[in-house]
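Down below is the structure, laid out as C-alpha cells.
Values below: all heavy atoms of this structure, side chains included; hydrogens, waters and symmetry mates excluded.
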Amino acid sequence: MDFDLSKAQKLLQQSSRDFFVRECKPERVRELMATETAYDESLWRAIADQGWTGLIIPEEYGGLGLGLVDLVAVVEEMGRACLPGPFLSTLWAAALIERAGSEGQRKQYLEPISAGDLKATVALLEEDADWNPAAVTMRAEKDGKTFKLRGRKEYVTDAAVADVIICVARDD
C-alpha cells in the first residue's frame, strides 16, 4: 500500500506552499491576528480564486470534487503559514451541508461557498465544550414550518465573519 501523495496531490501541495509563502508572510499574519476577526477579504478572494473553497464540494455544486487527502495537502500548507480566517470552518460547514442538507440547501449554499462568495461555520460546542455530537443538548422545537432553538452555543469559530451558521441541535 502506498501512503505517499499522488503526483497531482504533490503539485497541489507545492502550489499551495508557493501561494502561502507569497501571500501569508509572517508580518501579514501577525497584522491579521491583531484584528478582531483575523479576516482579510483580499486574501479570502485569492484563496477562492485558487479553487480551494470548493476543494471538497462536488462538481455538480461548482466545486472541484476532490477528496480529503487533497484537502489535507492544502491545509497542511495553510498550517505551515499560520493562515488565519474562516477556511476550515467554511469547509466543515460545506461538508455538513453536502452530507446532511436537503437538495435545496445544497443548491442554495454549496455553489456560493465553492465560489468564495459565502463563508460559513458550525455551532457545535456548548458549555462543557465536548466535541462529541452525542453531548449536544440544544433543542430544536418545531413551531409551524420553522424551528425554535432552545439552548446556548459557545466558541463558534469565525462567527463574526460567517454569512451562514449551521447550528447543531436535537429534535424529538
Report the residues that fulfil side chain to side chain donor-acceptor pair (under 3.5 Å) with [X], sequence neighbours left out, ordered by chain and then residue number.
{"X": "Arg30", "value": "none"}
{"X": "Gln105", "value": "Ser102"}
{"X": "Ser16", "value": "none"}
{"X": "Asn132", "value": "none"}

Inset, instruction - Hey, could you give me the CD/CG distance between Glu98 and Leu110, rounded to the nearest 0.5 Å? - result: 7.0 Å
Legend entry - Nearest-0.5 Å distance that lies between atom CZ in Arg17 and atom CZ in Arg22: 14.0 Å
Spell out, as yes or no, whether a donor-acceptor pair under 3.5 Å connects the side chain of [X] to the backbone of [Y].
{"X": "Thr157", "Y": "Ser89", "answer": "no"}
{"X": "Thr90", "Y": "Pro86", "answer": "yes"}
{"X": "Arg152", "Y": "Glu127", "answer": "no"}

Legend entry - Candidate pair Ser6 and Gln9, rule side chain to side chain donor-acceptor pair (under 3.5 Å), full reasoning: CA-CA 5 Å; Ser6 69; Gln9 290 164 337; 3.3 Å; yes
Inset, instruction - Using a strict cut-off of less than 4.0 Å between a Lys/Arg side-chain nitrogen and an Asp/Glu carboxylate oxygen, indicate whether Asp117 and Arg45 qualify as a salt bridge. - result: yes
Legend entry - Carboxylate-amine/guanidinium proximity below 4.0 Å for Arg28 and Glu31: no
Linked hydrophobic residues, [X] as query - side chain contacts closer than 4.5 Å:
{"X": "Val74", "answer": "Leu12, Phe19, Phe20, Leu32, Tyr39, Leu43, Trp44, Ile47, Trp52, Leu55, Ile56, Leu64, Leu66, Leu68, Leu71, Val75, Met78, Leu83, Phe87, Leu88, Leu91, Val161"}
{"X": "Phe147", "answer": "none"}
{"X": "Val69", "answer": "Leu5"}

Legend entry - Derivation of the side-chain contact (heavy atoms from CB on, under 4.5 Å) call for Asp18 and Gln14: CA-CA 6 Å; Asp18 295 344; Gln14 186 59 53; 2.8 Å; yes
Pairing residues for [X] by the side chain to side chain contact (heavy atoms under 4.5 Å, CB included) criterion, not counting sequence neighbours:
{"X": "Lys148", "value": "Asp143, Arg150"}
{"X": "Ala159", "value": "Val156, Ile165"}
{"X": "Ala169", "value": "Met138, Ala140, Leu149"}

Inset, instruction - List the steps and the verdict of side-chain contact (heavy atoms from CB on, under 4.5 Å) for Lys153 and Val136. - result: CA-CA 9 Å; Lys153 294 296 182 181; Val136 171; 3.9 Å; yes
Where do [X] and [Y] come nearest, in terms of heavy atoms and distance?
{"X": "Ala115", "Y": "Ala48", "value": "O-CB, 3.7 Å"}
{"X": "Asp4", "Y": "Lys10", "value": "OD2-NZ, 2.8 Å"}
{"X": "Ala38", "Y": "Met33", "value": "CB-SD, 3.9 Å"}
{"X": "Gly62", "Y": "Ser114", "value": "O-OG, 2.7 Å"}

What I'd like to find out is whether the side chain of [X] reaches to under 4.5 Å of the side chain of [Y], using heavy atoms alone.
{"X": "Pro84", "Y": "Val29", "value": "yes"}
{"X": "Trp92", "Y": "Leu124", "value": "yes"}
{"X": "Ile97", "Y": "Ile113", "value": "yes"}

Inset, instruction - Return each pair, listed once, that meets side-chain hydrogen bond (donor to acceptor under 3.5 Å, both in side chains) where at least one residue sits in residues 56-66; pairs must be two or more places apart or across chains. - result: Tyr61-Glu103
Inset, instruction - Check the pair Asp128, Thr137 against side-chain contact (heavy atoms from CB on, under 4.5 Å), reporting the backbone distance first and the verdict last. - result: CA-CA 10 Å; Asp128 61 358; Thr137 61; over 6 Å; no
Inset, instruction - Quick one: which residue pairs count as a salt bridge (Lys or Arg N to Asp or Glu O under 4.0 Å) with a foot in residues 155-165, not counting sequence neighbours? - result: Lys119-Asp163
Legend entry - CD (Glu36) with more than 12 external heavy atoms under 6.0 Å: no
Inset, instruction - For atom NZ of Lys142, decide whether the heavy atoms of other residues, nucleotides or ligands shown that lie under 6.0 angstrom number more than 12. - result: yes
Inset, instruction - Identify whether Ile166 and Trp131 are in the same connected component of the hydrophobic contact network (ILVMFWY, side-chain heavy atoms under 4.5 Å). - result: yes
